[in-house]
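Beneath this line is the structure, given in structure tokens, with notes to follow.
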Amino acid sequence: MLQIGYIRENRDHVIERLRVRNFAAVELVDEVIALDEQRRQLQTESDALAAEANAAARQIGDLMRQGKREEAEAIKAKASGYKDQQKKLADALAAAELQLHEKLVLLPNLPHQSVPKGMGAEDNEVVLEHGHRSELPEDALPHWDLAARYDIIDFELGTKVTGAGFPVYKGKGAKLQRAMINFFLDQAEKAGYREVQPPILINGASGFGTGQLPDKEGQMYHVGIDDLYLIPTAEVPVTNLYRDTIVKESDFPIKLTAYTPCFRREAGSYGAHVRGLNRLHQFDKVEVVQIVHPEKSYKVLEEMSVYVQSLLRALNLPYRVLRLCGGDMGFTSALTYDMEVWSAAQKRWLEVSSVSNFEAYQSNRLKVRFKGGGGKMQPAHTLNGSALALPRILAAILEDNQTEKGIRIPEVLVPYTGFEWID
RNA sequence: GGAGAGUUGGCAGAGUGGUCGAAUGCGGCGGUCUUGAAAACCGUUGUCCUUAACCGGACCGGGGGUUCGAAUCCCUCACUCUCCGCCA
């Protein structure tokens, strides 16, 4: 979340920045500032009263030690009144803090200067396009038909076991999945990321830390009996590894990678574009996360973008990079690049990665801090990116590499699959 | 799941209800000594809120209670450890 001190001192700037998201912030920002004012007022009163009560208690202690019992009793009688007053003020203060917090978490992150204004996907800025969009013959098949023809993904079977959006990968399909996971993890390790295997169920505090809660409550699967959530992305458990920690400045940059399954309810998103692998409730993803010095975060964002692109190049997939506009960007992000691969048979772009700089928005909630210049504690910056999400990559590979002989496996994956063709 | 023990500063580890934000050791930082380093010695060393600053306030796992006053007593929750049960 945003820092209250920053909002207090930069009201107009905050409002102006949030306009880029089409977020009408005037009312909320003013409310937050008023609540903060109230909170500080109560804090001051409460502190003054506590100081008085403390002084009285100390005095009683002194008198008792000197054996002046009667004098002590006199003060005692007076001091007993503090309790109710203190309780009243403490309650008011707690209520004010709660109200402030409730409003504060409703404010999304401030977009970076370079974020274009816009409403939705159509306003995203194409930063670059790489490779040629393949021209396939007329009888080329979309991946769901290819999956059926070669018996490598079974959507119906998954529906029986669980429900729609939970495919079963079979034979070479399953093996190709495993190959991609290993390839992506190996590449990440070469790029300096340390591999971790985090839990794939998280508690509410973790969900709050990275910003999924309360904003996207309905998008996560919730295990009611234990009050845990299935992760929608490895970002959540991996970034939360550093919740409530003070990082040594010399430990920057912290670079982590993890493979996990991801679970998303995708409530309300049905239609033509969710066929096949396009949108699933469970899918596999390798994620990269960095925790860095604030001065470095935008350089690191570019580095992560280049890294993700290197994977797409290695797989020989035509792709483009988008700079998301204010209206399309996630709640917690300051700047996001989306990478999309060209689905040759569907003739449309598929998002396979999203790389974001959250600046201090997450670390304020997470309390990931370091002691900066002058010995002052300050929040670190967090970033993450998909590297990569598997299903749409698989879709693109199947569609783009289909031939009369079968589907050709990208060269870099052959050492991992052990076969060159799906036929 | 059952029974018991525990949770204190970066770590280890004291702490009779009143000067405890907390002994001591280690670690960290600064200094003396040294050609340099080590050792030794001296000093220093938490976070947060409020404030221009001083002052003040909060924090000894979380929450609540008793009391003029709680790290210390009571309740409750979470977690850790030991034993038993179950189990990939």
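Between B/rU72 and B/rG64, the distance separating the two P atoms is 14 Å to the nearest Å. Comparing B/rC77 with B/rU24, their C1' atoms sit 33 Å apart, to the nearest whole Å. Comparing the P positions of B/rG17 and B/rC86 gives an interatomic distance of 44 Å, to the nearest angstrom. When the C1' atom is used for both B/rG62 and B/rU80, the distance is 15 Å, rounded to whole Å. Going from the C1' atom of B/rG15 to that of B/rA70 covers 13 Å, rounded to whole Å. Comparing the same atom, P, in B/rA5 and in B/rC11 gives a spacing of 26 Å after rounding to whole Å. Between the P atoms of B/rC29 and B/rA37, the separation comes to 14 Å (whole Å). With P as the reference atom, B/rA3 and B/rU76 are 13 Å apart, rounded to whole Å.
Distances shorter than 4.0 Å separate none of the side-chain N or O atoms of A/N54 from OP1 or OP2 on B/rG56. Applying the 4.0 Å criterion to OP1 and OP2 of B/rC48, one finds that A/R369 has a side-chain N or O inside that range. Regarding contacts with the backbone of B/rU51, a side-chain N or O of A/R40 is found under 4.0 angstrom from either OP1 or OP2. Proximity of A/K87 to the phosphate of B/rG65: a side-chain N or O atom is located under 4.0 Å from OP1 or OP2.
When both distances must be under 3.5 Å, the Watson-Crick or G-U wobble mate of B/rC60 does not exist. Across all strands shown, B/rG30 pairs with B/rC42; the Watson-Crick or G-U wobble distances both stay below 3.5 Å. Shown here, B/rC55 forms no base pair; nothing in the strands shown gives a Watson-Crick or G-U wobble contact with both key distances under 3.5 Å. Base pairing analysis places B/rU16 opposite nothing; no Watson-Crick or G-U wobble pair with both distances below 3.5 Å involves it. Summarising the base pairing, B/rA5 is matched to B/rU80 through a Watson-Crick or G-U wobble pair whose two defining distances lie under 3.5 Å.
Set against B/rU47, B/rG65, B/rC49, the side chain of A/M377 has B/rU47 as its closest nucleotide. Side-chain proximity of A/K371 to the nucleotides B/rU50, B/rG46, B/rG57 is greatest for B/rG46.
Of the two residues contacting RNA chain B, namely A/A50 and A/R8, the nearest-nucleotide position lying further toward the 5' end is that of A/R8.
For the pair A/R323 and A/Y337, the cation does not sit on the ring face, since its NZ or CZ is not both under 6.0 Å from the ring centre and inside 45° of the axis. For the pair A/K248 and A/F370, the cation-pi criterion (under 6.0 Å, within 45° of the ring axis) is not fulfilled.
The aromatic ring centroids of A/Y298 and A/H381 lie 6.0 Å or more from each other. Checked against a 6.0 Å centroid threshold, the rings of A/H281 and A/F155 do not count as neighbours.
What separates CD of A/Q85 from P of B/rG57 is a distance of 16 Å, to the nearest Å. Atom CD of A/Q378 is separated from atom P of B/rU47 by 14 Å (rounded to the nearest Å). Distance CD1 (A/I246) to P (B/rC48): 7 Å, rounded to an integer number of Å. Remark: P of B/rU50 and CD of A/E97 are 10 Å apart, rounded to the nearest angstrom. Between A/L98 atom CG and B/rC49 atom P the separation is 18 Å, expressed in whole Å. With rounding to whole Å, A/L42 atom CG is found 13 Å from B/rU51 atom P. Atom-to-atom, NZ of A/K248 to P of B/rC11 comes out at 12 Å; the value is rounded to the nearest Å. Counting to the nearest Å, the C1' atom of B/rC49 and the CG atom of A/L100 are 13 Å from each other.
Under the 3.5 Å distance criterion, the side-chain polar atoms of A/N109 are matched with a main-chain donor or acceptor of A/T332. Side chain of A/E340 to main chain of A/W349: no donor-acceptor pair is present (N/O by atom type, distance under 3.5 Å, no hydrogens or angles).
A salt bridge links A/R8 with A/D36; the closest basic N to acidic carboxylate O contact falls under 4.0 Å. Electrostatic pairing of A/E16 and A/R19 does not count as a salt bridge here, judged by no charged N lying under 4.0 Å from a carboxylate O.
A/N384 is not listed as a side-chain neighbour of A/V288, based on a closest heavy-atom distance of 4.5 Å or more. Considering only heavy atoms from C-beta on, A/Q212 comes within 4.5 Å of A/V236 through its side chain.
If you check distances only, the side chain of A/D47 never reaches the base of B/rG57 with a donor-acceptor pair under 3.5 Å.
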Once base and sugar-phosphate atoms are separated, protein heavy atoms under 4.0 Å mark nucleotides 66-80 of chain B, 5' to 3', with B, S and - as SBBS-----------

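Nucleic acid contact class of A/K367 (heavy atoms, under 4.0 Å, all strands): none. Using a 4.0 Å heavy-atom criterion, one finds that A/D62 contacts the bases of the nucleic acid, with or without backbone contacts as well.
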